[in-house]
K.L.:
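Following this message is one structure expressed as structure tokens.
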There are 2 protein chains.
Amino acid sequence: MINKELNPMEKIPSEQKLSNQLGVSRNTIREAIRTLEQEGVLYCKHGVGTFVIGSKDSLKTNITTLESSTNIIKSQDYFPGTQNVDTKVMKAPSNVKSKLSLEEHSNVFYIERVRTADTQPVVYVEDYIPYIDEMENEYREKYYESLTEFLGKFEMEFSFSICSIKAVISDEKVMKKLELKEKSALLLLQQTHYSDKGIPVLYSDSYYLSDKFEFNVIRRKG
Amino acid sequence: MINKELNPMEKIPSEQKLSNQLGVSRNTIREAIRTLEQEGVLYCKHGVGTFVIGSKDSLKTNITTLESSTNIIKSQDYFPGTQNVDTKVMKAPSNVKSKLSLEEHSNVFYIERVRTADTQPVVYVEDYIPYIDEMENEYREKYYESLTEFLGKFEMEFSFSICSIKAVISDEKVMKKLELKEKSALLLLQQTHYSDKGIPVLYSDSYYLSDKFEFNVIRRKG
DNA sequence: TCATATTTGTACGTATGTATA
DNA sequence: GTATACATACGTACAAATATG
């Protein structure tokens, strides 16, 4: 639709002009603009105009978009892999129990994995899933392309997460998992994932090697 | 308007019902819902319904909202303060020059500060502002409540930032500034701030003590 | 300082399409 | 298949913020 190359921080034509040019209603233009604003591509200022703010590399890894580690690794031009997968059924730790709104004595299906970028370990993930009968067997017997696909089998697809962002120093366990020679700074994302009906279906702790990954976000004045 | 207490993950009435109940058009309801969705308070699912996802403490410090360090400190129930302010006019470092789209040999006004929470150092900030005549004198002669107020004097108010989130280990300099006894994990926010017309007006590196601060974000599936 | 034009924000109404239950 | 609910789209009017002269 739009043939013109848009440069970062450039002012785009007014809603009225775009409406005339493209032959659609101003309301439709507004909806489109609002969607792009939500994605961090545009910025609108009352009485002034609308501006392009998102260049591709300024939002290489937009933290507000919930992507699989696989896609995040790909987006940084690495080849994704997985190693050291370990699973078990366990009593839910109390913090997990709280995050997933589980009853006392509930079990969770625990999966830990190391994700690699070009064979180098870059992310260590611990997943906690409310346990459902036969989950462990299902996981062991079949091959799943992704955790999302596995959760789908149990009607536990997630569509958003509430995420807490922290910085931590690698402890012994994580150093071993990520094959670190010395203590390093890690970006820790603690996330509770919810289904589209608001049911918590997954809690995860993800440790990202911070010198390999950077996350981006557009922040707007309150 | 809304008297009912809303619980997290609760389904709210349909747009049509809210429209009737509140006596406003469905379009208006939609706009309001969309704004709240943008803020991370609601989540809409086509053909299903709209759900409350944001409880107050799950988004205590929403990283998508650009707040002053002062307000972030306040929001975590601490009393904010400032110490060790140091300023100088300097040749723009090359990374800053690039971020602020400055010409070769441009000067910047550099401000470094330690922000405190209940007198304890918690954030170390380095600010780089494109230099304008008399900026240094203005800063020294008058008292400014905030950097925002100071920038306002030069018509350099910012309204959003593009932020890169990293985890780092405190180096000697930062350890001294934050009075750290041992190396700690710090959350580093590297931000280019823009005016509402898309002009870069401030670049800053902020080092947050990660055990005092946590940032939150709602992530949605792409 | 004031009036006017421009631009985005909000609001109303209506209709049809698409996804889910 | 039917009903419900959100998504998209058209049209219109006026308010509020900003820019311009």
Side-chain angles (χ1 to χ4, degrees), chain A residues 1-2 6 9-54 148 151-152 154-160 194-199 201 218 220-222, chain B residues 1-2 6 9-54 148 151-152 154-160 194-199 201 218 220-222:
Chain A
M1 288 300 182
I2 296 170
L6 292 173
M9 305 312 161
E10 188 180 345
K11 187 170 183 293
I12 69 172
S14 74
E15 295 173 355
Q16 198 56 252
K17 279 178 187 163
L18 284 174
S19 169
N20 297 334
Q21 280 176 26
L22 302 175
V24 293
S25 74
R26 196 193 138 202
N27 238 321
T28 304
I29 295 290
R30 277 186 64 71
E31 285 298 309
I33 287 175
R34 233 186 130 158
T35 301
L36 291 168
E37 194 188 15
Q38 202 159 344
E39 289 170 8
V41 178
L42 297 177
Y43 174 80
C44 307
K45 178 72 183 177
H46 195 165
V48 183
T50 299
F51 304 83
V52 182
I53 57 179
T148 302
L151 289 170
F154 299 92
E155 295 188 335
M156 292 172 74
E157 296 97 336
F158 54 85
S159 48
F160 66 90
Y194 296 86
S195 75
D196 55 22
K197 294 190 198 66
I199 313 292
V201 293
I218 305 248
R220 291 181 168 74
K221 228 173 191 175
Chain B
M1 286 300 181
I2 296 171
L6 292 172
M9 305 312 161
E10 189 180 345
K11 187 170 183 295
I12 69 172
S14 74
E15 295 174 353
Q16 198 57 252
K17 279 178 187 163
L18 284 174
S19 169
N20 298 334
Q21 281 176 25
L22 301 175
V24 294
S25 76
R26 199 192 135 202
N27 236 319
T28 305
I29 294 290
R30 275 187 64 72
E31 285 297 309
I33 286 177
R34 225 182 139 160
T35 302
L36 291 168
E37 193 187 14
Q38 201 159 346
E39 290 170 7
V41 177
L42 297 178
Y43 175 80
C44 308
K45 178 72 183 177
H46 196 162
V48 183
T50 299
F51 305 83
V52 182
I53 57 178
T148 301
L151 290 170
F154 299 92
E155 295 187 334
M156 291 172 75
E157 297 97 336
F158 54 85
S159 49
F160 66 91
Y194 296 86
S195 75
D196 54 22
K197 294 192 198 63
I199 313 292
V201 293
I218 305 245
R220 291 181 166 75
K221 229 171 190 177

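Being a predicted model, the structure only gives us computed values, none of them experimental. Hydrogens, waters and symmetry mates are skipped; everything else that's a heavy atom, side chains included, is used. Residue numbers begin at 1 in each chain, while the letters A, B, ... track the order of the sequences.
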K.L.:
Can you list everything that forms a side-chain hydrogen bond (donor to acceptor under 3.5 Å, both in side chains) with Glu37(A)? Sequence neighbours excluded, please.
P.N.:
none

K.L.:
Describe, in one word, how the ring planes of Phe160(B) and Tyr194(B) are oriented to each other, choosing from parallel (under 30°), tilted (30 to 60°) and perpendicular (over 60°).
P.N.:
parallel

K.L.:
Glu15(B) CD to dT16(C) P: how many Å, rounded?
P.N.:
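Distance check: Glu15(B) CD to dT16(C) P gives 19 Å.
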
K.L.:
Return the CD1 to SG distance between Ile12(B) and Cys44(B), rounded to the nearest 0.5 Å.
P.N.:
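Between Ile12(B) CD1 and Cys44(B) SG, I get 7.0 Å after rounding to 0.5 Å.
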
K.L.:
Earliest and latest nucleotide of DNA chain D, 5' to 3', sitting under 4.0 Å from a non-hydrogen atom of chain A?
P.N.:
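Nucleotide range with atoms under 4.0 Å of chain A: dA9(D) to dT18(D).
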
K.L.:
Which whole-number value in Å describes the distance from Leu22(B) CG to dT10(C) P?
P.N.:
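Those two atoms, CG and P, are 17 Å apart.
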
K.L.:
Between Ser19(A) and Glu15(A), is there a donor-acceptor pair closer than 3.5 Å when you use the side chain of the first and the backbone of the second?
P.N.:
no

K.L.:
Under 4.5 Å between any side-chain heavy atoms of Lys11(A) and Thr50(A), yes or no?
P.N.:
no

K.L.:
Do Thr35(A) and Arg34(B) have side-chain atoms, one donor and one acceptor, less than 3.5 Å apart?
P.N.:
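Yes, side-chain donor-acceptor contact under 3.5 Å.
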
K.L.:
For dA15(D), give the paired nucleotide (Watson-Crick: N1-N3 plus N6-O4 or O6-N4; G-U: N1-O2 and O6-N3; both under 3.5 Å), or none.
P.N.:
dT8(C)

K.L.:
Contact list please: residues 24-37 of chain B against DNA chain C, heavy atoms, distance less than 4.0 Å, in numerical order.
P.N.:
Val24(B), Ser25(B), Asn27(B), Thr28(B)

K.L.:
If you assign each of Lys197(B) and Lys11(B) to its closest nucleotide in DNA chain D, which residue comes earlier from the 5' end?
P.N.:
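Nearest-nucleotide comparison on DNA chain D picks Lys11(B).
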
K.L.:
May I ask you to decide whether Glu155(B) forms a salt bridge with Lys197(B), counting only side-chain N to carboxylate O separations under 4.0 Å?
P.N.:
no

K.L.:
Which residue, Asn27(B), Leu22(B), Ile29(B), forms the side chain to side chain contact (heavy atoms under 4.5 Å, CB included) with Ser25(B)?
P.N.:
Asn27(B)

K.L.:
Nearest whole angstrom, please: distance from the P of dC12(C) to the CD of Gln16(B).
P.N.:
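Roughly 13 Å, once rounded to whole Å.
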
K.L.:
Is Thr50(A) near enough to dT8(C) that one of its side-chain N or O atoms lies under 4.0 angstrom from OP1 or OP2?
P.N.:
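For Thr50(A), the contact criterion (side-chain N or O under 4.0 Å from OP1 or OP2 of dT8(C)) is met.
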
